[in-house]
Amino acid sequence: MPDSHPPDRSLPREPVAAILEQLAADGSWAEYGGVWTRRLQERLCKTFGATTARLTCSGTLAVELALRGVGVRSGDEVILAAYDFPGNFRSIEAIGARPVLVDVVAAGWTLDPAQLDAAYCEATRAVIVSHLHGQLARIDVIRQWCDRHNVALVEDACQVPGARVGGRPAGAWGDASALSFGGSKLLTAGRGGAVLTSSEEIAQRMTVFAERGNDAFPLSQLQAAVLLPQLDELALRTEQRRRGAEALMEFLEEASSVVGPGHWKQEDIPAFYKFGVMLPESETRGPAEIRQRVLEAARDAELPVGTGFRGFHLRSLRRCRRVGDLANARTAAAATVLIDHRVLQAGDSEQDSGILARIVELFDRWR
Ligand SMILES: *Cc1c(COP(=O)(O)O)cnc(C)c1O
């Protein structure tokens with residue numbers, strides 16, 4: 001599925017061109033792996049405080065390898081939020097394990113730690129936790145719960161490289177954590193991903209699954225090489241997007257009834273792949289109807305607004321177990337729209353604040 005939005009024009013140009021020139025000159029692009037994949041692995045380990053960074057062909061596969069790495073097997077249960085990236089549900093199924101759906105926090109998109117006790121049973125082997133739409137999950141609280149229950153934590157940091165929670169990088173909290181380098185993600189090689197871990201045992205299990213004479217889910221030298229200059233600029237770019245998100249948040253709080261990703265704790269650093277917004281209900285219209293109108297109007301006005309995930313609350317009970325009524329996840333699935341990087345990069349120019357005003361006008365038109 002190609003990404004409909006245009007590439008991020010603020011991606012580093014000259015450093016990428018210089019590295020590609022080097023690959024062309026020395027022929028290293030034609031190798032299975034080598035200096036560039038090794039450098040990327042070292043760099044990822046340093047950035048995220050891991051001892052192993054296994055490079056993969058996608059973030060989706062990184063989540064599956066992480067689950068296999070922590071020892072999930074056929075017949076086990078894996079807890080995840082009922083609002084999440086669709087591939088995470090499928091990755092659990094791919095192993096023959098059973099997804100167990102829990103609710104997300106109110107007016108948000110991340111797993112509600114208060115639901116974990118009710119979801120737990122003898123078969124629980126792992127929890128998947130994603131940071132989504134600019135909202136950081138309560139991963140510190142979930143980490144403690146997992147430790148108490150001897151359940152593995154798989155952290156999906158695909159949307160938030162560069163973020164920090166409780167003094168640690170997002171992506172450093174899981175027993176195994178997944179990154180995506182897919183097109184438009186904050187770190188991108190067009191395709192690709194990685195699993196980070198500090199456990200030899202987990203790394204070994206992933207190797208046993210993925211090595212079939214060769215790495216069956218690889219990242220190429222070319223892809224590894226273009227990620228390196230982006231890691232050099234990660235802190236700077238995280239900061240730029242955070243400023244863009246703050247401007248957007250202020251604007252929404254003053255001018256609109258919609259709810260954004262909320263404020264982060266002072267010691268945390270958020271990261272914004274896309275900026276999530278929860279549309280309000282009105283007296284006459286439900287969120288799904290309001291959203292449809294907003295999306296149509298956004299398309300007509302060529303404004304960079306898209307839909308969120310569909311959620312798993314309608315999945316058949318043959319495929320999963322549900323905990324509670326999943327009311328917040330239902331709302332998130334019906335009422336979420338996502339604003340992409342073109343707005344997060346808006347500066348102070350008149351044209352840029354014009355975009356914000358036009359988007360907010362769209363949100364509030366159908367109240
Ligand atoms: C993009 C994404 C993935 C999957 O990454 P791909 O590289 O596109 O396979 C997984 N989880 C989340 C939360 C994502 O945003």
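Counting starts at 1 for both ligands and their atoms, in listed order. Residue numbers start at 1 and run along the sequence shown.
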* Asked: Does Asp232 pair with Arg237 as a salt bridge, N-O distance under 4.0 Å?
  ->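 A salt bridge is absent here (no side-chain N lies under 4.0 Å from a carboxylate O).
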Show me the donor-acceptor pairs within less than 3.5 Å that the side chains of residues 160-171 make with the rest of the protein, sequence neighbours left out.
{"unit_1": "Arg164", "atom_1": "NH2", "unit_2": "Gly167", "atom_2": "O", "d": "2.7"}
{"unit_1": "Arg168", "atom_1": "NH2", "unit_2": "Ala172", "atom_2": "O", "d": "3.0"}

* Is the distance between the ring centroids of Phe275 and His133 less than 6.0 Å? ->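 Phe275 vs His133: aromatic centres not under 6.0 Å.
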* In chain order, what residues pass the side chain to side chain donor-acceptor pair (under 3.5 Å) check against Gln240, with sequence neighbours excluded? ->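 Checked Gln240 against side chain to side chain donor-acceptor pair (under 3.5 Å); zero matches.
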* To do: Identify, with sequence neighbours excluded, every residue that meets side chain to side chain donor-acceptor pair (under 3.5 Å) alongside Thr336.
  =>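 Applying side chain to side chain donor-acceptor pair (under 3.5 Å) to Thr336 gives Trp109.
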* Gln204 and Glu200: side-chain donor and acceptor closer than 3.5 Å? ->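 Their side chains do not contain a donor-acceptor pair, so the 3.5 Å distance test is not met.
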N/O pairs closer than 3.5 Å, ligand 1 and protein:
{"unit_1": "ligand 1", "atom_1": "5 (O)", "unit_2": "Ser180", "atom_2": "OG", "d": "3.2"}
{"unit_1": "ligand 1", "atom_1": "7 (O)", "unit_2": "Gly59", "atom_2": "N", "d": "2.8"}
{"unit_1": "ligand 1", "atom_1": "7 (O)", "unit_2": "Ser180", "atom_2": "OG", "d": "2.7"}
{"unit_1": "ligand 1", "atom_1": "9 (O)", "unit_2": "Gly59", "atom_2": "N", "d": "3.3"}
{"unit_1": "ligand 1", "atom_1": "9 (O)", "unit_2": "Thr60", "atom_2": "N", "d": "2.9"}
{"unit_1": "ligand 1", "atom_1": "9 (O)", "unit_2": "Thr60", "atom_2": "OG1", "d": "2.5"}
{"unit_1": "ligand 1", "atom_1": "11 (N)", "unit_2": "Asp156", "atom_2": "OD1", "d": "3.4"}
{"unit_1": "ligand 1", "atom_1": "11 (N)", "unit_2": "Asp156", "atom_2": "OD2", "d": "2.7"}
{"unit_1": "ligand 1", "atom_1": "15 (O)", "unit_2": "Gln159", "atom_2": "NE2", "d": "2.9"}
{"unit_1": "ligand 1", "atom_1": "15 (O)", "unit_2": "Lys185", "atom_2": "NZ", "d": "3.0"}

